[in-house]
Each structure stands twice: as C-alpha cells, then as structure tokens.
Number of protein chains: 2
Amino acid sequence: MKVLIIEDEIELLIVISNYLTKEKYVCVLAENFAKAREKLSIYEYDIILLDIGLPDGNGLKLIDTIKKYNHYAGLIIISAKNSLDDKISGLDKGADDYMTKPFQLSELNSRIRALLRRRQLDSSNTLTFNELTIDALAKTLIINGQEIKLTKKEYDMILYFVINKNRVLTKEAIAEHLWDDNIDLADSYDFIYTHLNNIRRKIKNAGGTDYITTIYGMGYKFTDQ
Amino acid sequence: MKVLIIEDEIELLIVISNYLTKEKYVCVLAENFAKAREKLSIYEYDIILLDIGLPDGNGLKLIDTIKKYNHYAGLIIISAKNSLDDKISGLDKGADDYMTKPFQLSELNSRIRALLRRRQLDSSNTLTFNELTIDALAKTLIINGQEIKLTKKEYDMILYFVINKNRVLTKEAIAEHLWDDNIDLADSYDFIYTHLNNIRRKIKNAGGTDYITTIYGMGYKFTDQ
DNA sequence: CCAATTCTAAAGCAAACCTAAAGAAAACAC
DNA sequence: GTGTTTTCTTTAGGTTTGCTTTAGAATTGG
C-alpha cells in the first residue's frame, strides 16, 4: 500500500512516515504544495494524507489536483483544531475522512485501515477475489458459490489477509491483530500455523486456490494473482 | 409504504420528501428530536430515515425510541461525512444501513428498495419463509397454518432474526436490540440462550424447521436455506 | 394474588482453540 | 554438495470456551 503524506511540519512528516513505514506502508513525502503536485504526477497512491494548512498554497486546492491524478486514492485530511471551515469544505470536495491535530498515530492507522476496508467492500458488504468471496455480514467465505464454514479465528484471519492483500504480514502483526494485546510474543507461533493450516485445508477442499503465500522467515502474504 | 424522515435541514427534508412522494411513498416529516418522538408515537412506519446530527438531541438516542415504538421498521441512518464514530455506533445499535451526506436521491431510493426487499414485508405485513410465517400485525408465528403462541420476547427475537436473515447477529447486537440500552454486558448471555431455546422448542413441536443456525463464537444466523 | 413471562443458575455437551511433536522445506554453514 | 539449523507444515489430542437444556426463582401484569 502506497501512502503520500503532504505535511509542512517536517518533524511531524517524519514521525508519521516512520510509523507508517513500520506498519508496512510505502511512504512518499511532500512538505509543500509544489512537491505535492510533483509527487502526485509521478505515482498513484492508495491513501493520501493531506494537511490543508500548507504555507505556500491552500491545501484545499490540492484536492482538485489529487482528484485529477489520483482518482481512486482515499483522502484523509489533517487540519489544525480550529479551522473547521477548511475541514468542511474539504469534505465537500471529496475527502473521505479527516483528523485534527494533535492525534495519536494509532488512530491514524486505524482510520487508514477503516478507509481501505470501506473502499474494498462493495454495496452488499462483500469482498471478492477471483473465485473467492468474503461476506462481511454473513461472515462467510464463498468459493465458487459454495459456502465454506469458518470458525471465528479463521474468519478473522482470512479477513485480515484480504484487507491487507499484497502486503507481507509478519507473524507478530498477525498475533497482535488477532489476539488480545501481546499474547506473550516470546512464545511460539504454533497457533498461527494451526489456524492457517485449517484455512488452507478448507479452501483447498472446496476447490479454491491458495492465495496465501508463505514468505519464509517473514510472514505471509495474500496475493490476488 | 410509510416513511418517516427525521432531518433538521429543512431544505433537505423537503427535497427528500418530494422525491420519495413522487416514488409513491407516504412521507411523514420531523425536523427535530421532539417532533420525531411525537410522530413515532402516533404511527408505525416501514422505513425511518434518521439524521443523527440533530441540533436538539443526539439522534442516536432516538434509535432506542424507534425500537420501542416501531419494532420492525427499517432504519437508515444519514450522517455528515466526518462523523465516522456515530456511523459505527449507529450500525451497532441496530441500524440497517447508513448514508453519508451529500448523497444522490436515486441512491437513497435504491437503498430503501434493497431494505424493503430484504425484509420481504408484503402488503399484509407478513413475512414468510417456507412453512414459517410471521404476522407483524397480529404478532404471531404461523407454521403450516397452525398458530404458535409466542411471548413478547420470543416474538421480538424471531422477528429480529427474520428481518436480518442471512446476517450473523452477535449476542451483543441481540442484547442491545432486544433489551433497553446496556443490560450490563459484563453479565452472561443466559437469557438469550433461554429464550432462543424456547423459540426453537416451539417451532420444533409445531413441526417446523430450525432456520436459526448457531455460529459458534460469533452469534446466530437465520438462514432461509 | 395468581398466572404468565422473564431471568438465573447449573449440569452436560460440543466446538473451537491451543499445545506439542514429528516430518518437510528452506536457509545457512562449512 | 552435505550436514545442520531454522522455520514452516501437518496432525493429533487435551484443554478451554461457549452453547444447550432443564429446573426453578424472581419479576411482571392483569
């Protein structure tokens, strides 16, 4: 997942970048209007964080540029707490969410995740990859029209994989996400192995392909190709 | 079909009302908390549109009132784009769908249609699944022409299941929907188990099939197949 | 005050989860 | 290349957790 961070406070820019990099996002940085335009014209991004209080040009104008170059990117606006008007006009212009400074990095992370998830869910709350469909309301996995019965842990796990498709998920990340806090990380990851094996077996038995590839020594990755 | 529209922006209220009236819905309007309560106590509605950003009282509180008076009404929440948290707690409390402002009227229409379709309330306010029929007016359950006597809790519960068919309903959601506010969620869910068991026994004794499947660790799901 | 309903408690049961251990595969060392 | 180490896969079974069922106590409503 590629994130463009547009923020004029260099310190904050670095902090956010470091945090998101640790969370396995690829970060591209822009500290002013000009740089932002430049970066926008080069790549496409999945998520754009935009501070609308830029010194060299109103960040709101950037929204138009973003829409022009990056039609599908999720846009999260960052603003100082008092500039309510900016926020509102930003949202009118097509931002998906906003945050006020100061904020917790963990909150930023969860908002990014929520946004990515919302973008992937279609109107009937399902996620589809080739022959594989996850129904978020029925909490089922459907392969070629056939409903696969998953346990809670299995469902949570495959959902976590699918939402973060094409990203390597370390065992640490999986453990932290699926189990309360730190389920003693000194321990082994046998429980992950077991559940993953159960998922793979069920998918295989239903005639589905195993999209979960093992990245030896690192973790796992759900690839849609 | 009767629609109650709760919205404080008068302009928007009128626009929605005009549109839905043209689509052959009967519209009742409420522009604030007090009016909404009043209208809720007078009639029953098929669909309720609720803007949770009301100025004179949090719209979320209205959800409880809605549940009290209008048990089987479909509830669609309307919210400003930024109030993510409201959206989420609204859905948790038993809303069936939500929309963010601004929205297309055509989208509203299709969401209402989808909701009505899902509920499958016919003209005589009954819901039928194979040999099982729920009469929302007489508040009875009919199996193969035989009328089953249900208590209020049992009736509310089976209705909640049926109108949310094919969705997993967590015990938390069931508790919040059928009991006032938080009936101390730290407690056990024994009361759910008991009532559910009573429903299943009555259906079974009447020769009906048990469409309520237990999703271990997640909740329950009413499946029509 | 009585009858119906709702809730509490507890025993028994079933599913899911985790642990452990053996085998396989990949990476590493030589 | 071969042996060793590390990491992952797979399977089995014990433990834990959550669900069912029943009985009866508490509550509610006429």
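Numbered from 1 within each chain, the chains take letters A, B, ... in sequence-line order. Computed from a predicted structure; not experimentally measured.
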(request) Rounded off to whole Å, could you give me the CD1-to-C1' distance for the Ile199(A) and dC17(C) pair? (result) 13 Å

(message) It should be established whether Tyr216(A) places a side-chain nitrogen or oxygen under 4.0 Å from OP1 or OP2 of nucleotide dC28(C).
(response) no

Could you pull out the protein-nucleic contacts involving nucleotides 10-13 of chain D (nitrogen or oxygen on both sides, under 3.5 Å)?
from: dT10(D); atom 1: OP2; to: Asn197(A); atom 2: OD1; distance (Å): 2.8

(message) Can you tell me how the ring of Tyr220(B) sits relative to the ring of Phe161(B), calling it parallel under 30°, perpendicular over 60° and tilted otherwise?
(response) perpendicular

(request) Working to the nearest 0.5 Å, report the span between NZ of Lys204(A) and CD1 of Ile143(A). (result) 13.0 Å

(message) Looking at dT20(D), I'd like to know if its phosphate oxygens (OP1 or OP2) sit under 4.0 Å from a side-chain N or O belonging to Tyr220(B).
(response) yes

(message) Just the rounded figure in Å: distance from C1' of dT5(C) to OH of Tyr155(B).
(response) 18 Å

(message) What is the distance, to the nearest angstrom, from the CE atom on Met218(B) to the C1' atom on dT17(D)?
(response) 15 Å

(request) State whether Phe129(A) and Lys165(A) meet the cation-pi test: NZ (Lys) or CZ (Arg) under 6.0 Å from the six-membered ring centroid, and within 45° of the perpendicular axis. (result) no

(request) Would you kindly give the CZ-to-P distance between Phe191(B) and dT20(D), to the nearest whole Å? (result) 15 Å

(message) By nearest atom, which of the nucleotides dA16(C), dT9(D), dT5(C) is closest to the Thr151(A) side chain?
(response) dA16(C)

(request) Take Leu150(A) and Leu150(B), find for each the nucleotide of DNA chain C with the closest heavy atom, and name the residue whose nucleotide sits nearer the 5' end. (result) Leu150(B)

(message) Whether Lys152(A) contacts dA15(C) is assessed here as follows: a side-chain N or O lying under 4.0 Å from the phosphate OP1 or OP2. Is that the case?
(response) no

(message) Rounded to whole Å, how long is the line connecting atom OH of Tyr189(A) with atom P of dA21(C)?
(response) 20 Å

(request) Could you tell me whether the phosphate oxygens of dT9(D), OP1 or OP2, come under 4.0 Å of any side-chain nitrogen or oxygen in Thr214(A)? (result) yes

(request) Give a yes/no verdict on a cation-pi contact between Arg167(A) and Tyr25(A), requiring under 6.0 Å between NZ or CZ and the six-membered ring centre and an angle within 45° of the axis. (result) yes

(message) Is Trp179(A) close enough to dC17(C) that one of its side-chain N or O atoms is under 4.0 Å from OP1 or OP2 there?
(response) no

(request) Nearest whole angstrom, please: distance from the C1' of dT16(D) to the NZ of Lys153(A). (result) 12 Å

(message) Given 3.5 Å as the limit, does a donor-acceptor pair link the side chain of Glu9(A) with the main chain of Glu11(A), or not?
(response) no

(message) What is the separation between atom CG on Leu196(A) and atom C1' on dC17(C), rounded to the nearest whole Å?
(response) 15 Å

(message) Among Glu154(B), Lys153(B), Glu147(B), exactly one meets side-chain contact (heavy atoms from CB on, under 4.5 Å) together with Leu150(B). Which residue is that?
(response) Glu154(B)

(message) Name the residue from Leu115(A), Ile47(A), Ile48(A) that meets the side-chain contact (heavy atoms from CB on, under 4.5 Å) definition with Leu75(A).
(response) Ile48(A)

(request) Return the value, rounded to whole Å, for the distance between atom CD of Glu154(A) and atom C1' of dA15(C). (result) 11 Å

